[in-house]
There are 2 protein chains.
Amino acid sequence: MPRPRRPLLTRDRIVETALALIDADGLGALSTRRLAAALGVQGPSLYNHFATKDEILDAVADTVTGAVDTSGFASRDWLAALRDWAWSYRRALTAHPNIVPYLAQGPGRRPAALAMADAVYGGLVRAGWPPARATHIGAALRYFVAGSALGSFARGFVEDPELYAAHYPHLRQAHRLAEHQQSVDEGAFALGLDALLHGLAAEYTHTVETVESAGSNG
Amino acid sequence: MPRPRRPLLTRDRIVETALALIDADGLGALSTRRLAAALGVQGPSLYNHFATKDEILDAVADTVTGAVDTSGFASRDWLAALRDWAWSYRRALTAHPNIVPYLAQGPGRRPAALAMADAVYGGLVRAGWPPARATHIGAALRYFVAGSALGSFARGFVEDPELYAAHYPHLRQAHRLAEHQQSVDEGAFALGLDALLHGLAAEYTHTVETVESAGSNG
DNA sequence: GAATGAAAACTTACACCGCTAGTTTATGAG
DNA sequence: CTCATAAACTAGCGGTGTAAGTTTTCATTC
């Protein structure tokens with residue numbers, strides 16, 4: 001089959017199908033040949049649209065990150081905006097958990113990740129945080145969200161309860177975690193996020209409001 | 001070469017060499033043939049000592065996790081113990097950043113990860129936290145540490161400053177992040193950890209101390 | 001001490017992987 | 001109409017994890 005009258009592939013169709021395969025079968029199960037087959041095409045044809053497989057994965061990761069809502073930084077106070085963003089970020093990642101290990105390794109050349117970082121940083125600076133602090137806060141929350149989406153505490157626990165009872169006395173009920181995985185993960189996320197934001201709010205009164213009053217007085 | 005008089009391989013030697021290769025060249029550069037060559041042996045010989053490559057990686061991940069110090073939970077108050085543990089955990093992971101993407105995906109069948117979870121959970125329960133809360137706190141801190149070791153904010157940024165200036169106004173100086181990567185990451189970690197612990201301390205006075213006094217009064 | 005079974009190296013080989021090169025033909029621009 | 005480009009193809013390279021079977025040594029048992 002030579003060049004077809006209507007192109008069989010588009011970047012969007014490739015990315016869309018890749019994400020569906022990753023969601024269904026995991027990151028390790030995505031090969032260029034399998035992806036091409038799902039698109040009704042031979043493997044190397046993908047290279048007419050992307051230079052490497054990693055470029056495809058970057059595009060997939062970017063569409064996932066693109067679903068994150070940072071609009072709160074334009075309309076709400078910084079604390080509420082951070083909370084909204086963190087939850088939206090978490091929802092976007094847990095909707096496609098299999099791509100998270102790839103996605104979590106830095107923003108790279110992915111526009112959506114950079115736009116997100118830009119919005120968060122800008123919102124915090126506008127709220128009065130010193131630039132260095134704004135960078136740290138954005139990074140800290142990203143760590144927390146990415147970590148929570150990547151390494152579910154419950155996932156990967158073994159079935160046999162005896163194994164835990166014998167060696168790890170406090171994990172006697174660990175096998176129950178699998179049943180409640182989602183609620184454990186969400187509970188841990190909610191608790192950790194609240195604690196983080198509580199701590200940041202305290203820091204804010206010390207750092208920003210003190211500086212502001214000192215500045216207006218001097 | 002048939003069976004040698006003295007075994008050429010041991011599990012320990014395999015794990016040690018695998019970690020060295022991963023540290024040097026990254027996770028993706030570790031193949032069974034390359035690992036075997038570094039050990040002076042042919043590829044399939046590894047399968048006399050490990051059933052799969054993943055089993056080797058699990059063992060590597062477990063030795064890294066084994067370096068984490070949880071002794072604080074036996075000797076210090078829970079807040080100090082959590083802080084010590086989190087820093088030790090972070091140091092253990094950042095000493096071998098290339099294995100983190102593999103390691104961060106849950107405790108699985110790795111004894112050191114399970115022992116760590118057991119120590120943290122036990123320490124928190126002993127301090128008076130309700131079991132469910134103890135689970136959540138341990139998970140939340142693990143999210144944060146793993147996320148910080150995995151997805152450095154700075155790593156992966158592109159060289160060209162113009163690229164950022166044009167599209168992401170607030171990230172105008174983002175290219176500088178690469179220069180200060182380590183200090184940004186450590187600063188973000190320190191700030192986030194302090195905020196998290198600050199929030200947990202506040203929660204503790206509400207949850208545990210209130211319950212205890214109510215219990216002693218009732 | 002001989003016999004035997006497991007252990008630990010080997011070689012060979014399979015199916016799959018990402019990707020390159022070169023071919024063919026349809027498209028769209030001049 | 002010409003022609004470079006685009007988008008599909010086929011063939012194939014070097015690499016991957018690992019299964020299968022071979023050989024020899026070690027460790028154990030009679």
Side-chain angles (χ1 to χ4, degrees), chain A residues 1-62 98-99 101-103 105 108-110, chain B residues 1-61 98-99 101-103 105 108-109:
Chain A
M1 185 198 302
R3 174 171 188 174
R5 291 149 195 285
R6 285 281 317 274
L8 304 179
L9 299 177
T10 64
R11 286 177 66 100
D12 282 352
R13 228 165 73 73
I14 293 171
V15 169
E16 201 177 296
T17 306
L19 180 54
L21 285 181
I22 290 170
D23 283 345
D25 303 323
L27 196 55
L30 185 83
S31 74
T32 55
R33 286 173 174 87
R34 260 177 48 89
L35 172 56
L39 289 157
V41 124
Q42 298 297 320
S45 299
L46 299 172
Y47 291 88
N48 288 314
H49 302 266
F50 290 93
T52 65
K53 185 190 179 185
D54 268 10
E55 231 178 61
I56 299 176
L57 289 176
D58 276 339
V60 170
D62 212 50
N98 293 338
I99 189 69
Y102 185 86
L103 183 153
Q105 296 183 63
R109 293 176 180 276
R110 302 197 290 273
Chain B
M1 187 195 303
R3 175 172 189 178
R5 294 152 192 281
R6 286 282 315 274
L8 304 179
L9 299 177
T10 64
R11 286 176 66 100
D12 282 354
R13 229 164 74 72
I14 293 170
V15 169
E16 200 177 297
T17 307
L19 180 55
L21 285 181
I22 290 169
D23 283 346
D25 304 322
L27 196 55
L30 185 82
S31 74
T32 55
R33 284 171 176 85
R34 260 176 49 87
L35 172 56
L39 289 159
V41 124
Q42 298 296 321
S45 299
L46 299 171
Y47 290 88
N48 289 314
H49 302 266
F50 290 94
T52 64
K53 184 189 180 184
D54 268 10
E55 235 179 56
I56 299 176
L57 290 175
D58 276 340
V60 170
N98 293 337
I99 189 69
Y102 185 87
L103 185 152
Q105 298 183 61
R109 292 176 181 275

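Predicted model, so just to flag it, every value in this text is computed and none were measured. Naming: A, B, ... by sequence-line order, numbering from 1 per chain.
Distance, A:I14 CD1 to D:dA6 P: 15 Å, rounded to whole Å. Taking atom CD1 of A:I56 as the reference point, atom P of C:dC19 lies 8 Å away to the nearest angstrom. Atom CG of B:L39 and atom C1' of C:dC10 are 16 Å apart (whole Å). Distance CG (A:L8) to C1' (C:dA26): 12 Å, rounded to an integer number of Å. Protein atom CD of A:Q42 is 14 Å distant from nucleotide atom C1' of D:dG12, rounded to whole Å. Between the CG atom of A:L21 and the P atom of C:dC17 there is a distance of 12 Å, rounded to whole Å. Following rounding to the nearest Å, A:N48 (CG) and C:dT20 (C1') show an atom-to-atom distance of 12 Å. Atom-to-atom, CG of B:L9 to C1' of D:dT25 comes out at 15 Å; the value is rounded to the nearest Å.
Considering all non-hydrogen atoms of both residues, B:D54 and B:Y102 come closest at O-OH, 3.3 Å. Among all heavy-atom pairs drawn from A:A18 and A:I56, the shortest one is CB-CG2, 4.2 Å. The two residues B:L103 and B:A61 make their nearest non-hydrogen contact at CD1-O, 3.7 Å. The two residues A:A59 and A:V15 make their nearest non-hydrogen contact at CB-CG2, 3.6 Å.
Between C:dA8 and B:S45, no contact under 4.0 Å exists linking OP1 or OP2 to a side-chain N or O. The side chain of B:H49 places an N or O atom within less than 4.0 Å of a non-bridging phosphate oxygen (OP1 or OP2) of C:dA9.
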Tabulated below should be each protein N or O lying under 3.5 Å from an N or O of nucleotides 14-18 of chain D; please produce it.
| from | atom 1 | to | atom 2 | distance (Å) |
| --- | --- | --- | --- | --- |
| D:dT16 | OP1 | B:S31 | OG | 3.0 |
| D:dG17 | OP1 | B:T32 | N | 3.4 |
| D:dG17 | OP1 | B:K53 | NZ | 2.7 |
| D:dG17 | OP2 | B:T32 | N | 2.7 |
| D:dG17 | OP2 | B:T32 | OG1 | 2.7 |
| D:dG17 | N7 | B:R33 | NH1 | 2.7 |
| D:dG17 | O6 | B:R33 | NH2 | 2.9 |
| D:dT18 | OP2 | B:Y47 | OH | 2.4 |
| D:dT18 | OP2 | B:K53 | N | 2.8 |
| D:dT18 | O5' | B:Y47 | OH | 3.3 |
| D:dT18 | O4 | B:R33 | NH2 | 3.3 |

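Rounded to the nearest 0.5 angstrom, A:R34 CZ and A:T17 OG1 are separated by 12.0 Å. In this structure, the separation between CG on B:D23 and CG on B:L30 is 11.0 Å, given to the nearest 0.5 Å.
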